[in-house]
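Structure, as structure tokens:
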Amino acid sequence: MSDSALLSPSALARLLAEQWRVSTAEITAHDGGMSSSTWVVTEGARRWLAKAVSAERYGQRFASGLAAATRLDEAGIPAGAPIPTRDGALTVEDDGAAVALLSWVEGSPVEQHTTDGMRLVGRTLARAHLALGGAPARAHIEPRLDPAAPHLWIRPWIRPALAAARAAVEALAPDTLTWGPLHGDPAAEAFLVDPDAGTVGLIDWGAYTVGPRVFDLASAVMYAGSPEKSRPLIEAYLAEGALSSAEVERALGAMLGWRWASQAYYFAHRIATGDMTGIADPAENERGLADAKAYLDPARIRAYRPADETEWARCRAVAFLDTAYYDAVEPRKPVEEADAVIDLVAVDGDEVVGILDVAVRGDLATIETVCVHPDHRRYGIATRLLREAIQRLDGSPARVLDAWTREDASALAWYSAHGFVEEHTYLHAYSGYGSANTSRMAEPRDPFRPVIIFAHAQREHEQQVRAEFERVYVCRRLVKQLAGS
């Protein structure tokens, strides 16, 4: 389904005139997300947001969410309350679309990955929960995920993962949790900060449902990255008193799994039905499903096996392609001369998707290779590999773990985030092909004729080296003190 299939601009203009008496409006397409189409509607100095969803799939939930937004507006939390039609309805249906005209909410989205931004999300979500009040527990937790749904067959891991998530939620005894109206999808972009008015709004109530409040909290945590990364969000939520810390500690993990299961279910349906609402590239649906898989069915970390060698070489070659080591191809796994080695892989099914090789020489451990296949980045695989390696180094003679890397910003940031500091640098200089280039590094002599030369130089000569050669890198030694050193 495309955005234009939900409602055309001409149909919207007709509805605005007929239902809301807005007859001379300017209509501009707006980014509506993956389940809706939205437009900015302006008439003179007035501005609204028009929103359309599939009446069959989302109409009832949409209407309930609009009612909740009205209550929040009345409680002083800007939420994009609906403007009633001339007959007092919150929505109208036209050619399969449920359409509403919403109050405009000023502000910019919260900066999700900052401490202050997370605190605003946690505080505002809790205040919204309290303003909407409680609700009695129900027999089923929303969203209801049909384990027999045919679209779940698109990937073999989905059904078992959903079954495990369901079992974890049921083990909580959901009727012992605190229930109430929920936003359903509290991503950071739904929280709008208006510094002039001093308000934080919570918009986009199309995923409204009733359930345990901790499900909404789990959704916010999911968007923030993880419970560890979102501690400021959780603490700010708890400080408002919407839930007890004991309930959050008991239920957050299971509800986070259920939230990811919901995402897997949703994107599997979109992929199976070819639903492109709100996106231009089907890869976005695949990415949403891959994000869910990374939590529900993550790659396994284990020791390298000789049978992994072909997959090891393939993963390393592909992973290095977009780095400064793009030509450092190894057709076979090198045998390191070392006192001991710790060779780890991350595997997804039979595919090697991550590598970490560590060689121990006396009291020094060196990372010889660390990389993650491009299709499996962003899911913490390198971090899990590093943690496993450090755990296995415990009890070894190693007191320092070092790594040599070049100028790739993402790699340097990853090392820094895990406690490595730069200790020493020198240059890697590549002459380029041809005698005109190589002769500046080494004179040809029989029986050898240089084709390409890789040389080392000290940092004090960097200006000269960069002036003479095009491909030059700073090679860095990074070190991390290990426990007990």
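Counting from 1, the numbers follow the sequence of the chain as shown. Being a predicted model, the structure only gives us computed values, none of them experimental.
Take Arg477 and apply the salt bridge (Lys or Arg N to Asp or Glu O under 4.0 Å) test, not counting sequence neighbours, and it matches Asp402, Glu423. Arg332 meets the salt bridge (Lys or Arg N to Asp or Glu O under 4.0 Å) test with no other residue; sequence neighbours excluded. Residues that satisfy the salt bridge (Lys or Arg N to Asp or Glu O under 4.0 Å) test with Glu189, not counting sequence neighbours, are absent from this structure. Scored by the ring pair (Phe, Tyr, Trp, His ring centres under 6.0 Å) test, Tyr325 finds no partners at all (sequence neighbours excluded). Under the ring pair (Phe, Tyr, Trp, His ring centres under 6.0 Å) criterion, His373 pairs with His376, sequence neighbours left out. The side-chain hydrogen bond (donor to acceptor under 3.5 Å, both in side chains) test applied to Asp327 returns Arg471, not counting sequence neighbours. Listed by chain and residue number, Glu311 satisfy the salt bridge (Lys or Arg N to Asp or Glu O under 4.0 Å) test with Arg314 (two or more places apart in sequence, or in another chain).
Checked by atom type, the side-chain pair Thr425/Arg459 shows a donor-acceptor distance below 3.5 Å. For the residue pair Trp414/Thr383, the side-chain donor-acceptor check at 3.5 Å is satisfied.
Using a 4.5 Å heavy-atom cutoff, the side chains of Leu243 and Tyr237 are in contact. The shortest distance between side-chain heavy atoms of Val474 and Glu462 falls below 4.5 Å. Between Asp375 and Val318 there is no side-chain heavy-atom pair separated by less than 4.5 Å. Residues Trp404 and His424 meet the side-chain proximity criterion, which asks for heavy atoms closer than 4.5 Å. The shortest side-chain heavy-atom distance between Asp394 and Ile390 does not fall under the 4.5 Å cut-off.
Applying the salt bridge (Lys or Arg N to Asp or Glu O under 4.0 Å) test to pairs two or more places apart or on separate chains, those with a residue in residues 257-270 are Asp185-Arg259, Arg270-Asp275. Residue pairs meeting the side chain to side chain donor-acceptor pair (under 3.5 Å) criterion with at least one member in residues 247-258, sequence neighbours excluded: Thr176-Arg250, Thr178-Glu247. Each salt bridge (Lys or Arg N to Asp or Glu O under 4.0 Å) pair with one or both residues in residues 292-304, not counting sequence neighbours, appears once here: Lys293-Asp297, Lys293-Asp348, Arg302-Asp308.
Within a 6.0 Å radius of CD in Glu460, more than 12 heavy atoms belonging to other residues, nucleotides or ligands are found. With a 6.0 Å radius and a threshold of 12 heavy atoms from other residues, nucleotides or ligands, Asp281 has its CG atom above the threshold. Enclosure of atom CH2 in Trp153 is not indicated, since only 12 or fewer non-hydrogen atoms of other residues, nucleotides or ligands lie within 6.0 angstrom.
Side chain of Arg384 to backbone of Ala299: a donor-acceptor contact under 3.5 angstrom is found. Put simply, the side chain of Gln263 gets close to the backbone of Gly288: a donor and an acceptor are under 3.5 Å apart. The backbone N or O of Ala324 lies less than 3.5 Å from a partner atom in the side chain of Asp408, making a donor-acceptor pair. Looking only at distances, a side-chain donor or acceptor of Ser431 sits under 3.5 Å from a matching main-chain atom of Ile453. Judged by distance alone, the side chain of Arg377 and the main-chain N or O of Ala319 form a donor-acceptor pair under 3.5 Å. Remark: side-chain polar atoms of Arg361 are paired, donor with acceptor, to backbone N or O of Glu337 under 3.5 angstrom. Judged purely by atom type and a 3.5 angstrom limit, Asp73 uses its side chain to pair as donor or acceptor with the backbone of Ala79. Side-chain atoms of Asp357 do not come within 3.5 Å of backbone N or O of Asp343 as any donor-acceptor pair. No donor-acceptor pair closer than 3.5 Å links the side chain of Ser416 to the backbone N or O of Leu412. For His183 (side chain) and Ile203 (main-chain N/O), a donor-acceptor pair under 3.5 Å exists by modelled atom type.
In this structure, the separation between CG on Leu217 and CG on Leu256 is 9.5 Å, given to the nearest 0.5 Å. Here the CG atom belonging to Asp339 is positioned 10.0 Å from the OG atom belonging to Ser396, to the nearest 0.5 angstrom. The structure places CD1 of Ile367 at 4.5 Å from CG of Leu401, a figure rounded to the nearest 0.5 Å. Note that CE of Met222 is 8.5 Å distant from CZ of Phe215, once rounded to the nearest 0.5 Å. A distance of 8.0 Å separates CD in Glu407 from OH in Tyr473, rounded to the nearest 0.5 Å. For the atom pair Arg466 CZ and His461 NE2, the distance stands at 14.5 Å (nearest 0.5 Å).
In this structure, Cys315 and Gly354 approach most closely via the heavy-atom pair SG-N, 3.8 Å. Considering every non-hydrogen atom in both Leu125 and Phe191, the closest pair reads N-CE2, 4.0 Å. Shortest non-hydrogen contact noted between Ala68 and Leu132 is O-CD2, 3.8 Å. For the pair Phe267 and Asn285, the tightest heavy-atom approach, listed with the atom from each and the gap, is CD2-O, 3.5 Å. Ala236 approaches Arg119 most closely through the heavy-atom pair CB-O, 3.5 Å. The shortest non-hydrogen separation linking Thr405 to Ala411 is OG1-CB, 4.2 Å.
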**Study point:** side chain to side chain donor-acceptor pair (under 3.5 Å) assessment of His151 paired with Thr273
**Key:** CA-CA 8 Å; His151 64 268; Thr273 60; over 6 Å; no
Check your understanding: Would Glu240 and Arg213 count as a salt bridge (Lys or Arg N to Asp or Glu O under 4.0 Å) if you check the C-alpha gap in whole Å, the side-chain angles of each, and the deciding distance to 0.1 Å?
Key -> CA-CA 13 Å; Glu240 296 297 320; Arg213 287 176 177 170; over 6 Å; no
Exercise for review: Apply the test side chain to side chain donor-acceptor pair (under 3.5 Å) to residues Arg406 and His428: give CA-CA distance (whole Å), side-chain angles for both, the deciding distance (0.1 Å), then the verdict.
Suggested key: CA-CA 9 Å; Arg406 290 177 176 168; His428 285 178; 2.9 Å; yes
Practice item. Apply side chain to side chain contact (heavy atoms under 4.5 Å, CB included) to Thr366 and Glu336, showing your working. Key: CA-CA 11 Å; Thr366 297; Glu336 300 292 343; over 6 Å; no
What donor-acceptor contacts under 3.5 angstrom involve side-chain atoms of residues 156-172, with partners at least two apart or in another chain?
from   : atom 1 : to     : atom 2 : distance (Å)
Arg159 : NH1    : Pro147 : O      : 2.1
Arg159 : NH2    : Ala149 : O      : 2.9
Arg166 : NH2    : Leu145 : O      : 2.3

Which donor-acceptor pairs under 3.5 Å do side chains of residues 105-113 form with protein atoms, sequence neighbours excluded?
from   : atom 1 : to     : atom 2 : distance (Å)
Glu106 : OE2    : Arg47  : NH2    : 3.0
Gln112 : NE2    : Tyr223 : O      : 2.4

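Using cut-offs of 30° and 60° for the angle between ring planes, the Tyr295 and Trp260 rings count as parallel. Ring-plane geometry between Tyr304 and Trp312 is classed as perpendicular, the angle between the planes exceeding 60 degrees on a 0 to 90 degree scale with a lower cut at 30.
Taking the ring centroids of Phe454 and Tyr430, they lie under the 6.0 Å cut-off.
In this structure, Arg316 does not pair ionically with Glu309, as no charged nitrogen and carboxylate oxygen lie closer than 4.0 Å.
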